[in-house]
Number of protein chains: 2
Amino acid sequence: MFYLIGLGLGDATDITVKGLRAVKSCSRVYLEAYTSVLTGGKEALEEFYGRELIVADRDLVEQQADQILKDAHVTDVAFLVVGDPFGATTHSDLVLRAVNAGIPYKVIHNASIMNAVGCCGLQLYRFGETVSLVFWTDTWRPESFYDRICKNREAGQHTLCLLDIKVKEQSEENMMRGKKIYEPPRFMTVAQAADQLVQIVQRRRAEGETLGLTEDTLCVGLARLGADDQVVRVATLQQLVSCDLGGPLHSLVITGQLHPLEVDMLQLSAEADVMKNLHVLDGSTYWS
Amino acid sequence: MFYLIGLGLGDATDITVKGLRAVKSCSRVYLEAYTSVLTGGKEALEEFYGRELIVADRDLVEQQADQILKDAHVTDVAFLVVGDPFGATTHSDLVLRAVNAGIPYKVIHNASIMNAVGCCGLQLYRFGETVSLVFWTDTWRPESFYDRICKNREAGQHTLCLLDIKVKEQSEENMMRGKKIYEPPRFMTVAQAADQLVQIVQRRRAEGETLGLTEDTLCVGLARLGADDQVVRVATLQQLVSCDLGGPLHSLVITGQLHPLEVDMLQLSAEADVMKNLHVLDGSTYWS
């Protein structure tokens with residue numbers, strides 16, 4: 001059996017009892033280590049599970065998937081994913097390979113940012129499409145996520161922004177020279193994400209574009225969701241540019257139309273005075 | 001401390017280790033029993049947790065919340081929710097009451113249908129707003145969810161449809177007579193949901209409306225997600241009208257624009273021939 005097991009968010013104890021039992025019963029246990037990370041890292045997980053973990057980086061999962069699935073029709077193999085196994089899009093490929101090889105598979109679900117984000121008080125069913133923000137480079141500054149956020153806001157919907165993670169990346173120079181030297185891991189912060197968005201807003205304003213999002217738009221910065229030291233910060237986009245929410249992982253939510261109950265919940269984590277600009281229109285509450 | 005603990009989907013062992021530890025440490029443990037249900041029910045949970053559970057029906061949660069929170073500033077109280085605590089919208093109110101009463105609270109997350117739906121192979125970030133389908137009555141046949149699905153499809157997005165649950169409901173007659181006699185629980189099936197949608201499609205076609213959704217639209221029926229006997233059925237909306245996916249809970253997904261990887265994943269659970277009408281347009285795959 002090939003088990004895809006979600007580890008949830010937070011720490012080692014966020015695995016489900018069902019997941020832990022499966023981990024203990026498997027002959028090989030892989031830890032997917034490039035789409036997300038857990039506080040404490042591999043060592044904390046190994047100690048809690050009482051099992052050695054094989055780190056599965058992007059290379060192993062995307063280039064050598066057969067190695068992961070080897071013998072899984074006669075022995076049990078576990079593939080651990082922070083959050084839920086289907087939060088990241090890359091794991092469908094593993095499932096398809098298993099099925100094509102005649103290997104039965106089982107998914108053990110857990111919380112992911114896609115549903116845990118509800119703890120900030122915004123209703124999950126009011127979220128539109130999720131977007132991803134990537135680190136800009138000197139030559140590559142994609143903006144498509146901005147337009148998606150505006151479309152969601154036009155429809156009154158909130159937007160969850162997943163923030164870039166760079167783990168085991170080579171510099172352009174080392175890649176060209178074929179040197180397997182890796183850069184230190186980088187995790188995009190809420191402040192960096194907010195800064196990118198403000199830059200886009202300013203550029204588009206200068207071009208005379210009608211803005212679906214401004215520096216004053218109400219946002220929610222999230223850090224280490226599910227961990228004991230999680231932070232939820234409700235502030236304007238501009239305020240978040242200078243925020244420090246501590247270590248990774250971070251996520252950002254751009255609010256859409258707000259229900260009064262959502263306003264009350266956001267108030268619990270809001271910067272002083274930030275909620276005072278809310279206006280009530282058409283029986284619903286909007287952020288100006 | 002007031003703990004809101006997600007039980008995940010499936011059975012008693014889907015609770016997280018962190019959640020189980022909290023349950024065992026609390027002096028009172030409530031089980032929310034009206035927005036969702038777990039296979040096996042209360043008894044299976046009590047046996048696995050080694051704790052007696054107090055069933056919290058809608059009345060208790062919405063009318064007598066203070067009773068649940070009583071003494072939670074000096075003792076630990078747990079409130080268990082199938083799925084994730086913030087999957088259902090009603091639990092924000094409990095958090096606000098706790099905060100207003102000076103009671104610290106903690107959320108222990110878990111999988112919910114909102115993220116576990118990814119196991120069917122549709123990418124979570126491609127979902128638009130979630131809709132709810134309610135049981136129609138002779139005099140109340142709301143259709144707003146249909147328009148929301150069409151809007152999502154226009155934007156290429158998939159739609160998760162949450163299906164109605166009626167637990168501990170009084171008949172109109174018993175309610176008027178003030179008799180606390182409750183109807184047997186009802187859980188909307190995928191077939192019932194598909195039938196409602198087909199009725200709306202037919203009515204609107206008769207009125208000459210341009211349809212954003214037809215009997216041939218590709219859908220995914222889901223039953224008992226996360227349980228050992230979960231069912232995923234990929235079929236047209238019309239085909240789902242006559243499907244029998246077994247016991248509760250059911251959910252329905254209306255697909256939007258499909259990525260080739262999504263098509264491959266759906267194929268694993270598809271009715272014979274159902275995928276043959278997929279056409280490739282603009283580099284993406286659409287359902288006609």
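Just so you know, these numbers use all the heavy atoms, side chains as well, and skip hydrogens, waters and symmetry mates. Just so it is clear, the model here is predicted, and its values are computed rather than measured. In what follows, chains are A, B, ... by sequence order, proteins preceding strands, each numbered from 1.
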Atom NE2 in A:His109, atom CG in B:Asn110: separation rounded to 0.5 Å? 11.0 Å

Across all chains, not counting sequence neighbours, the side chain to side chain contact (heavy atoms under 4.5 Å, CB included) partners of B:Glu262 are B:Leu122, B:Gln123, B:Arg126, B:His158, B:Leu258, B:His259

Part of A:Leu268 lying under 4.5 Å from any heavy atom of chain B: side chain

I'd like to know which of A:Gln157, A:Lys151, A:Arg21 tops the heavy-atom pair count under 4.5 Å against chain B. A:Gln157

Quick one: CG on A:Asn115 to CE on B:Met114, what's the gap to the nearest 0.5 Å? 8.0 Å

Answer key: most heavy-atom pairs under 4.5 Å with chain A among B:Val107, B:Ile113, B:Leu96 is B:Leu96

What's the separation between atom OH in A:Tyr125 and atom CG in B:Leu160, rounded to the nearest 0.5 Å? 13.5 Å

Can you tell me which of B:Gly121, B:Gly8, B:Ser112, B:Ala155 forms the most heavy-atom pairs within a distance under 4.5 Å of chain A? B:Ser112

Spatial distance of atom CG (A:Asp93) from atom CG (B:Asp264) [nearest 0.5 Å]: 9.5 Å

Interatomic distance, A:Asp11 atom CG to B:Thr16 atom OG1 [nearest 0.5 angstrom]: 9.5 Å

Partner set under side chain to side chain donor-acceptor pair (under 3.5 Å) for B:Arg224, not counting sequence neighbours: B:Asp229

Is the shortest side-chain heavy-atom distance between A:Met265 and B:Phe86 below 4.5 Å? yes

Under 4.5 Å from any heavy atom of chain A, what part of B:Leu124 do you find: side chain, backbone, both or neither? both

State whether the number of non-hydrogen atoms from other residues, nucleotides or ligands found under 6.0 Å of A:Glu47 atom CD is greater than 12. no

With a 4.5 Å cut-off on side-chain heavy atoms, are A:Val17 and B:Phe48 touching? yes

Out of B:Gly6, B:Gly226, B:Cys119, which one racks up the most heavy-atom pairs below 4.5 Å with chain A? B:Cys119

Those residues that, when tested against A:Val37, pass side chain to side chain contact (heavy atoms under 4.5 Å, CB included) (two or more places apart): A:Phe187, A:Leu249

For chain A, which residues of residues 127-135 of chain B have heavy atoms nearer than 4.5 angstrom: B:Phe127, B:Gly128, B:Glu129, B:Thr130

Quick one: are A:Asp228 and B:Lys106 in side-chain contact, heavy atoms under 4.5 Å? yes

Most heavy-atom pairs under 4.5 angstrom with chain B, which of A:Ala111, A:Ala12, A:Gly83, A:Gly19? A:Ala111

